[in-house]
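Before any comments, here is the structure.
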2 protein chains.
Amino acid sequence: MSAPEALDAAAGEVRLGMLDGVVGYLLRRAQIAVFEDFGRRFQALDLTPAQFSALVAIQENPGRRQSDIAAALGVQRPNFVALMDGLERRGLAERLRSGADRRANALALTRAGRELLDRALGAQAEQETAIRAALGGEAERRRLVETLARLSRL
Amino acid sequence: MSAPEALDAAAGEVRLGMLDGVVGYLLRRAQIAVFEDFGRRFQALDLTPAQFSALVAIQENPGRRQSDIAAALGVQRPNFVALMDGLERRGLAERLRSGADRRANALALTRAGRELLDRALGAQAEQETAIRAALGGEAERRRLVETLARLSRL
DNA sequence: GGTTTTGGTTATATTTCATAACTAAAACCG
DNA sequence: CGGTTTTAGTTATGAAATATAACCAAAACC
């Protein structure tokens, strides 16, 4: 009788088949690549994507309640606590007392936070430039931005 | 003197500022939305995105070594073990002996695995249809696929 | 035939993300 | 007013994804 479970592997590249036409799969791969690039660019600033987005949101909405910022970024309130702890410990952001509601934290950037964010915005602009180059032009990058915004409302 | 740390929150919506022009941030949000949609569509099939992609890769490359499939999907070999354990326990895929190399597992789908994958491909096609609708047409979806593929080579 | 390398596995640490429960302060309401 | 309910922030905790080191058996090397 033939050995029932023996199979010989094919040679050459593994083909992903229809996966490379699947938006969800490609989104995951693209996000990994872009975040790895982010990691390299922001290494010197010691900022994660989450921290960077928090700094931007706080600067854009000074005095807003912590939970508002967290919700806008799509992060659970309990998880945002540690994020803010880190920013505060490094002196980049602070939790002020809200005048109206003594339970609430009114978030704001410190001077050091604004300065670091300025440098971060520079690094971010460089990433967008790299993306523009990879995609073949600013028109393509803009189209991607628009398309991704639509997708997130799926 | 004025109370130094009191700040009143602005009303209205939190603005994300330049974040909604940042590809990395938008990629993250879009991926979350698409994966949540995936979760709803594949709930009945009880398949995660990782499991789905593994089934596709195995069917596309029957007999290939486990580590080749894992590498092609970008998943670490140790982490692929548990994924395969799950598929095998459910009778969807199997680890056959490689004829050439007795260390290697030659992966293959079972009949049940092929049947489930058939249904999964249907659900997947429906997701692409929904995406096409959200983006305004197949041309837009195609462009997105092409753009994401470029991004993952950043 | 002994050494080195490789495929799969185990164990483990880290990170991310979600949920329940607690406190203090506010809002509500008869 | 005073009691109940809701809300902001926090703590504790768990689940899931991801990465690393170490091991065994089989192969490749020389």
Side-chain angles (χ1 to χ4, degrees), chain A residues 5-9 14 24-25 27-29 31-33 35-36 38-39 46-54 58 61 63-89 93-107, chain B residues 5-9 14 27-29 31-33 35-36 38-39 46-54 58 61 63-89 93-107:
Chain A
E5 317 115 317
L7 198 57
D8 267 333
V14 171
Y25 181 75
L27 269 176
R28 181 177 101 92
R29 302 304 296 254
Q31 210 219 297
I32 290 170
F35 271 49
E36 275 173 0
F38 182 102
D46 193 26
L47 284 180
T48 66
Q51 290 172 324
F52 171 68
S53 62
I58 294 170
N61 306 274
R64 290 299 290 242
R65 282 184 288 115
Q66 185 169 315
S67 44
D68 285 354
I69 301 290
L73 293 173
V75 22
Q76 230 68 38
R77 269 98 60 173
N79 296 331
F80 197 72
V81 172
L83 211 176
M84 267 305 297
D85 286 349
L87 296 179
E88 207 169 29
R89 203 174 327 111
E94 43 190 355
R95 299 187 238 228
L96 306 175
R97 267 186 304 253
S98 167
D101 186 342
R102 262 183 305 169
R103 294 168 300 180
N105 294 335
L107 302 188
Chain B
E5 317 115 319
L7 199 56
D8 266 333
V14 172
L27 268 177
R28 183 179 99 94
R29 302 303 295 252
Q31 211 220 299
I32 290 170
F35 271 48
E36 275 172 0
F38 183 101
D46 192 28
L47 284 180
T48 65
Q51 291 173 325
F52 171 68
S53 62
I58 293 170
N61 305 273
R64 290 298 291 241
R65 282 183 286 117
Q66 184 170 315
S67 44
D68 285 353
I69 300 290
L73 293 173
V75 23
Q76 229 69 38
R77 270 97 58 162
N79 297 331
F80 197 72
V81 172
L83 211 175
M84 266 306 296
D85 286 351
L87 296 180
E88 207 170 28
R89 204 176 324 112
E94 44 190 356
R95 300 188 235 227
L96 306 175
R97 268 189 300 258
S98 167
D101 187 341
R102 262 182 305 171
R103 293 167 302 180
N105 293 335
L107 302 190

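In the text below, chain A, chain B and the rest are named by the order of the sequence lines, each starting its count at 1. Both backbone and side-chain heavy atoms feed into the values below; hydrogens, waters and symmetry mates do not.
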[atom1] of [X] versus [atom2] of [N]: gap in Å, rounded?
X	N	atom1	atom2	answer
A/Arg97	C/dA24	CZ	P	17 Å
A/Gln76	C/dT19	CD	P	6 Å
B/Gln31	C/dC17	CD	P	10 Å
A/Phe35	C/dT16	CZ	C1'	12 Å
A/Ile32	C/dT15	CD1	P	18 Å

Which distance, rounded to the nearest 0.5 Å, do you find between the [atom1] of [X] and the [atom2] of [Y]?
X	Y	atom1	atom2	answer
B/Met84	B/Arg95	CE	CZ	5.0 Å
B/Arg65	B/Ser98	CZ	OG	8.0 Å
A/Ile32	B/Leu27	CD1	CG	11.0 Å
B/Leu87	B/Leu107	CG	CG	9.5 Å

Which heavy atom of [X] sits nearest to which heavy atom of [Y], and what is that distance?
X	Y	value
B/Leu83	B/Ala54	CD2-CB, 4.1 Å
A/Ala106	A/Gly63	CB-O, 3.4 Å
B/Phe80	B/Leu73	CE1-CD1, 4.1 Å

Might you list the N or O atoms of the protein lying below 3.5 Å from N or O atoms in nucleotides 6-8 of chain C, with each pair's distance?
from  : atom 1 : to       : atom 2 : distance (Å)
C/dT6 : O2     : B/Arg103 : NH1    : 2.5
C/dG7 : OP1    : B/Arg65  : NH1    : 2.8
C/dG8 : OP1    : B/Gln66  : N      : 3.1
C/dG8 : OP1    : B/Asn105 : N      : 2.8
C/dG8 : OP1    : B/Asn105 : O      : 3.3
C/dG8 : OP2    : B/Ser67  : N      : 2.6
C/dG8 : OP2    : B/Ser67  : OG     : 2.5
C/dG8 : O3'    : B/Asn105 : ND2    : 3.1

Original post:
Between which nucleotides of DNA chain D, 5' to 3', does chain A make heavy-atom contacts below 4.0 Å?
Top reply: D/dT7 to D/dT18
Subject >> A/Pro78 or B/Thr48, whichever maps to the more 5' nucleotide of DNA chain D >> reply: A/Pro78
Original post:
Ignoring hydrogens and geometry, is there a side-chain-to-backbone donor-acceptor pair from B/Asp101 to B/Arg103 under 3.5 Å?
Top reply: yes
